[in-house]
Peer 1: 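Below is a structure I'd like to ask you about.
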Amino acid sequence: MKLNLYYKLLIFHMFLGLMVFAFKPLALAYFVFISGFLGIKILRASSNKKVFYVLFSCAYIVGVEVFLRMNNGTVFYEASKYLVIIFTLIGLSTGGFNNKAILYVIYIVLLIPSIFVAVSQMGYETNIRKAIAFNLSGPVCLGVVAMFCYQKTISFKQLKTVLLGFLLPLVSMTAYLFLYTPDVGAFVTGTNSNFATSGGFGPNQVATVLGLGIFSFSSRFFMSKEGMVPKLIDLLILGLIGFRAIVTFSRGGVITGLFMVLAFLFFYYLKVNTKRKFHIKGALLFFSGIVLFTWILSSTQTSGLIDKRYANKDAVGRAKEDVTTGRAELLFFELKAFSNNPLLGIGVGKVKEIRFNETGVIAASHNEIGRIIAEHGSLGILAFLILLVNPLIFRIKNRSNIFFFSFYIFWLLTINHSAMRIAAPAFVYGLTLLNIKYDIPKKKTDLIRK
């Protein structure tokens, strides 16, 4: 993408964040517009560009999902996941289905029996649609995306543009967050996840997508061949996104983003030539500087409370007993539910209901692994094993995707701290299954091995 267009898009999305802050109903109007716009782009795309347009459109919806949710900007809560499913189904209907992706059809089929278990136990007066929407829309989205992506080929240049699809809406969110709480320190009084610094929305979801933004901007910065000014602009935006991610006080998304960056740097460094390795080392100095500055700023703005948060301490400096902030207890409850119903599980949506009946506490699962095992039983274990192992087998045969481990890490860590509340882990999982084509000049190469 040309720099002029890139900067215009950045400015547009920055103003989008400002306009939504000033006039909240604009969020819903933008969702309707962007859904139609991207859908038309996919339908009109030529066959050789169809895969790219589907992936870019899905990436954009994934990037904008949380920003729109926090402003009531979707037709219904899970609309973004359904939109990703629709876009990929269009791609499947026109681009063909790889027979080797049949495992993901089996994966979806394995999730069906627990629906009947839930119906038989809940009764028809229970809102089964909501149970399915909140608990199966994510897993089904993942399965459909994986079927579409399996062994699809796109160029490395196109994949970088797909990553840009994540980034642009996150610029809007970051601008919005700075307007929502310009003075972070005034709203930070403890070390718990902070809704005020997260735009009044769930800190976990906000930090998760901002962590994805940290990775996307970092990879863009290290791969850039532009001059110093464009790189510094990217680095500045990276620092702003990183700051807003840190001050949500939700650690999972930030830590996941950093692991993604480290995985990318390791494999990118191995693949590039000597000259490029030298550039990476130089860029690493600037990158380390912005990371350090962002952390110091975050610590200063929160009066040192963010340091205590990451040290697992409370506001007065006492170590907390549970580093998982209650997630381990939820997981143990889900494993107990599985042990009582090992074959077919307790049914879709039943974990939250049973937990409330037994403890009086309303708490949704944070761990997708525990949830799928509890609600789907042995079939859930088999379904999860398909997800866990198949990309690794694919990687053994196809090592073209230098982002593979970054994408895989994002999916695995995110479903462990945030389940599948948003579409991001489902879509990013699918990206692990792509075949990447590199344009390699005869004399001077950046990526010398596939």
Peer 1: Would you compute the distance between atom OG1 of Thr208 and atom CD of Glu65 and round it to the nearest 0.5 angstrom?
Peer 2: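 It comes to 10.5 Å.
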Peer 1: Which pair of non-hydrogen atoms, one from Phe187 and one from Asp183, has the smallest distance, and what is that distance?
Peer 2: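 Smallest heavy-atom distance, with atoms named: CD1-O, 3.3 Å.
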Peer 1: Looking at Lys313, is its backbone amide N or carbonyl O close enough to the side chain of Lys308 to form a donor-acceptor pair, meaning the two atoms are under 3.5 Å apart?
Peer 2: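 Not a single qualifying donor-acceptor pair exists.
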Peer 1: Ignoring hydrogens, what is the shortest heavy-atom contact between Leu83 and Ser35? Give both atom names and the distance.
Peer 2: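 That closest heavy-atom pairing would be CD2-OG, 3.2 Å.
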Peer 1: List the steps, then state whether side-chain contact (heavy atoms from CB on, under 4.5 Å) holds for Leu413 with Ile255.
Peer 2: CA-CA 9 Å; Leu413 294 186; Ile255 294 171; 5.5 Å; no
Peer 1: What residue pairs, at least two apart or across chains, pass side-chain hydrogen bond (donor to acceptor under 3.5 Å, both in side chains) with a residue in residues 162-173?
Peer 2: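 The answer is none; no pair qualifies.
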Peer 1: Tell me if the OH atom of Tyr7 is crowded by more than 12 foreign heavy atoms within 6.0 Å.
Peer 2: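 Enclosed.
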Peer 1: Which pairs, with at least one residue in residues 17-31 and sequence neighbours excluded, count as a side-chain hydrogen bond (donor to acceptor under 3.5 Å, both in side chains)?
Peer 2: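 Found Tyr30-Tyr60.
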Peer 1: When you look at CZ of Phe15, are more than 12 heavy atoms from neighbouring residues, nucleotides or ligands closer to it than 6.0 Å?
Peer 2: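 No - once you tally the heavy atoms of other residues, nucleotides and ligands closer than 6.0 Å, there are 12 at most.
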Peer 1: Nearest 0.5 Å, please: how far is CZ in Phe201 from CE in Met173?
Peer 2: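 Reported value, rounded in 0.5 Å steps: 8.5 Å.
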Peer 1: Return yes when atom NZ of Lys8 has more than 12 non-hydrogen atoms of other residues, nucleotides or ligands closer than 6.0 Å, and no otherwise.
Peer 2: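 No, not enclosed.
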Peer 1: Just to verify, what does Tyr310 make a ring-ring contact (aromatic ring centres under 6.0 Å, His included) with, not counting sequence neighbours?
Peer 2: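 By the ring-ring contact (aromatic ring centres under 6.0 Å, His included) rule, Tyr310 matches Trp295.
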Peer 1: Would Gln158 and Phe56 satisfy side-chain contact (heavy atoms from CB on, under 4.5 Å), going step by step from the backbone distance to the final call?
Peer 2: CA-CA 9 Å; Gln158 288 176 328; Phe56 178 83; over 6 Å; no
Peer 1: Kindly state each residue pair satisfying salt bridge (Lys or Arg N to Asp or Glu O under 4.0 Å) with at least one member in residues 74-91, sequence neighbours excluded.
Peer 2: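 Qualifying pairs: Arg69-Glu78, Glu78-Lys81.
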Peer 1: Looking at every heavy atom in both Ser299 and Ile306, which two are closest together, and how far apart are they?
Peer 2: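 Smallest interatomic distance, heavy atoms only, reads CA-CG2, 3.6 Å.
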Peer 1: Judged by atom type as modelled, is there a donor-acceptor pair below 3.5 Å linking the side chain of Thr174 to the main-chain atoms of Leu170?
Peer 2: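 Answer holds: yes.
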Peer 1: What I'd like to find out is whether the side chain of Leu262 reaches to under 4.5 Å of the side chain of Ile409, using heavy atoms alone.
Peer 2: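 They are not in side-chain contact.
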Peer 1: Less than 4.5 Å apart, side chain to side chain, heavy atoms only: is that true for His376 and Leu136?
Peer 2: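 They are in contact (side-chain heavy atoms under 4.5 Å apart), so the answer is yes.
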Peer 1: Would a 4.5 Å heavy-atom cut-off, applied to side chains only, mark Lys50 and Ile42 as touching?
Peer 2: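 Yes. Closest side-chain heavy atoms under 4.5 Å.
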Peer 1: Under the side-chain contact (heavy atoms from CB on, under 4.5 Å) rule, what do Val64 and Phe31 come out as? Steps first, then yes or no, please.
Peer 2: CA-CA 9 Å; Val64 81; Phe31 173 76; 5.8 Å; no
Peer 1: Side chains of Val145 and Val84: does their closest heavy-atom pair fall under 4.5 Å?
Peer 2: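 When only atoms from C-beta onward are counted, Val84 and Val145 do touch, with a gap below 4.5 Å.
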Peer 1: Measuring only between side-chain heavy atoms, which start at C-beta, is Ile61 closer than 4.5 Å to Ile34?
Peer 2: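 Yes, their side chains come closer than 4.5 Å.
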Peer 1: With a 6.0 Å cut-off (strictly less than), is the heavy-atom count around NZ of Lys41, excluding the residue itself, greater than 12?
Peer 2: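 Counting other residues, nucleotides and ligands, NZ of Lys41 stays at 12 neighbours or fewer.
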Peer 1: Supply the atom-to-atom distance Leu163 CG to Ser218 OG, rounded to the nearest 0.5 angstrom.
Peer 2: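 Going from CG on Leu163 over to OG on Ser218, the span is 11.5 Å.
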Peer 1: What's the separation between atom CD1 in Ile280 and atom CZ in Phe221, rounded to the nearest 0.5 Å?
Peer 2: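 If we round to the nearest 0.5 Å, Ile280:CD1 and Phe221:CZ are 11.0 Å apart.
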Peer 1: Output all residues satisfying salt bridge (charged side-chain N to carboxylate O under 4.0 Å, His left out) with Asp307, sequence neighbours left out; order by chain, then residue number.
Peer 2: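 If we apply the salt bridge (charged side-chain N to carboxylate O under 4.0 Å, His left out) test to Asp307, skipping adjacent residues, there are no hits.
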Peer 1: Taking all non-hydrogen atoms of both residues into account, name the closest pair between Val206 and Ser198 and its distance.
Peer 2: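 Smallest interatomic distance, heavy atoms only, reads CG2-O, 3.6 Å.
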Peer 1: For Asn401, check side chain to side chain donor-acceptor pair (under 3.5 Å) against everything at least two apart and list the hits.
Peer 2: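 Listed in chain order: nothing, the list is empty.
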Peer 1: Does Tyr6 have Arg220 sitting over its ring (NZ/CZ under 6.0 Å from centre, angle to axis within 45°)?
Peer 2: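 Yes.
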Peer 1: Quick one: side chain to side chain donor-acceptor pair (under 3.5 Å) partners of Thr414, sequence neighbours excluded?
Peer 2: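 With sequence neighbours excluded, Thr414 shows a side chain to side chain donor-acceptor pair (under 3.5 Å) to no residue whatsoever.
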Peer 1: For the NZ atom on Lys49, are there more than 12 heavy atoms of other groups (residues, nucleotides or ligands in this structure) within a distance under 6.0 Å?
Peer 2: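 No - once you tally the heavy atoms of other residues, nucleotides and ligands closer than 6.0 Å, there are 12 at most.
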Peer 1: Would you give me the side-chain donor-acceptor pairs under 3.5 Å for residues 98-108, sequence neighbours excluded?
Peer 2:
unit_1, atom_1, unit_2, atom_2, d
Asn98, OD1, Lys100, N, 2.8
Asn98, ND2, Gln151, OE1, 3.0
Tyr104, OH, Asn390, ND2, 3.0
Tyr104, OH, Tyr429, OH, 2.8
Tyr107, OH, Pro139, O, 3.1

Peer 1: Does a sphere of radius 6.0 Å around CZ in Phe97 hold more than 12 heavy atoms from other residues, nucleotides or ligands, not counting ones at 6.0 Å or beyond?
Peer 2: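 Yes, because the 6.0 Å sphere around CZ of Phe97 holds more than 12 heavy atoms from other groups.
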Peer 1: Taking Leu388's backbone N and O only, do any of them form a donor-acceptor pair with Tyr408's side chain (distance below 3.5 Å, no angle check)?
Peer 2: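 Answer holds: yes.
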Peer 1: When you measure from the side chain of Ser406 to the backbone of Phe264, do you find a donor-acceptor pair of N or O atoms at a distance under 3.5 Å?
Peer 2: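 A pair under 3.5 Å: yes.
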Peer 1: Where the side chain of Thr161 meets the backbone of Lys157, is there a donor-acceptor pair that is under 3.5 Å apart?
Peer 2: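 Checked: pair present.
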Peer 1: Quick check against the 3.5 Å criterion: does Tyr176 have a side-chain atom that pairs as donor or acceptor with the backbone of Leu16?
Peer 2: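 No, because the side chain of Tyr176 does not come within donor-acceptor range (under 3.5 Å) of the backbone of Leu16.
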Peer 1: Closest approach of Asn435 and Asn398, non-hydrogen atoms and distance?
Peer 2: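 Shortest heavy-atom contact: OD1-ND2, 2.9 Å.
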Peer 1: Are any side-chain N or O atoms of Thr191 and backbone N or O atoms of Arg309, one a donor and one an acceptor, separated by less than 3.5 Å?
Peer 2: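 Not confirmed, Thr191 side chain does not pair with Arg309 backbone.
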Peer 1: Compare all side-chain heavy atoms of Asn367 with those of Ile415 and state whether any distance is below 4.5 angstrom.
Peer 2: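 No, side chains not in contact.
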Peer 1: Got a list of side-chain donor-acceptor pairs under 3.5 Å for residues 235-249, not counting sequence neighbours?
Peer 2:
unit_1, atom_1, unit_2, atom_2, d
Arg244, NH1, Thr181, O, 3.2
Arg244, NH2, Leu177, O, 3.4
Arg244, NH2, Thr181, OG1, 2.7
Arg244, NH2, Thr197, O, 3.2
Thr248, OG1, Ala245, O, 2.6
Thr248, OG1, Ser250, N, 3.2

Peer 1: Establish, yes or no, whether a centroid distance under 6.0 Å links the rings of Phe394 and Tyr150.
Peer 2: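 Ring-ring flag for Phe394/Tyr150: true, centres closer than 6.0 Å.
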Peer 1: Can you list the residues that meet the ring-ring contact (aromatic ring centres under 6.0 Å, His included) rule with Phe33, with sequence neighbours excluded?
Peer 2: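 Listed in chain order: Phe37.
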Peer 1: Nearest 0.5 Å, please: how far is CG in Leu305 from OG in Ser298?
Peer 2: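 Rounded to the nearest 0.5 Å, the OG-CG separation comes to 12.0 Å.
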Peer 1: Keeping the roles fixed (side chain from Arg276, backbone from Met223), state whether a donor-acceptor pair exists under 3.5 Å.
Peer 2: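 Such a contact is found between Arg276 side chain and Met223 backbone.
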Peer 1: Identify, with sequence neighbours excluded, every residue that meets ring-ring contact (aromatic ring centres under 6.0 Å, His included) alongside Phe52.
Peer 2: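 Residues passing ring-ring contact (aromatic ring centres under 6.0 Å, His included) with Phe52: none at all.
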Peer 1: Just to verify, what does Phe405 make a ring-ring contact (aromatic ring centres under 6.0 Å, His included) with, not counting sequence neighbours?
Peer 2: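 Residues passing ring-ring contact (aromatic ring centres under 6.0 Å, His included) with Phe405: Phe267.
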Peer 1: Minimum heavy-atom separation for Ala383 to Leu111, with atom names?
Peer 2: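 For Ala383 and Leu111, the tightest heavy-atom pair comes out as CB-CD2, 4.3 Å.
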Peer 1: Between Phe166 and Phe215 (judged by ring centroids, cut-off 6.0 Å), do the two rings come close enough to count as a pair?
Peer 2: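 When the ring centroids of Phe166 and Phe215 are compared, they turn out to be at least 6.0 Å apart.
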Peer 1: Looking at side-chain heavy atoms only, is the closest gap between Phe404 and Pro391 below 4.5 Å?
Peer 2: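 Yes - at least one pair of side-chain heavy atoms lies under 4.5 Å apart.
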Peer 1: Could you tell me whether the side chain of Val171 reaches within less than 4.5 Å of the side chain of Phe12, counting heavy atoms only?
Peer 2: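 No, too far: nothing below the 4.5 Å cut-off.
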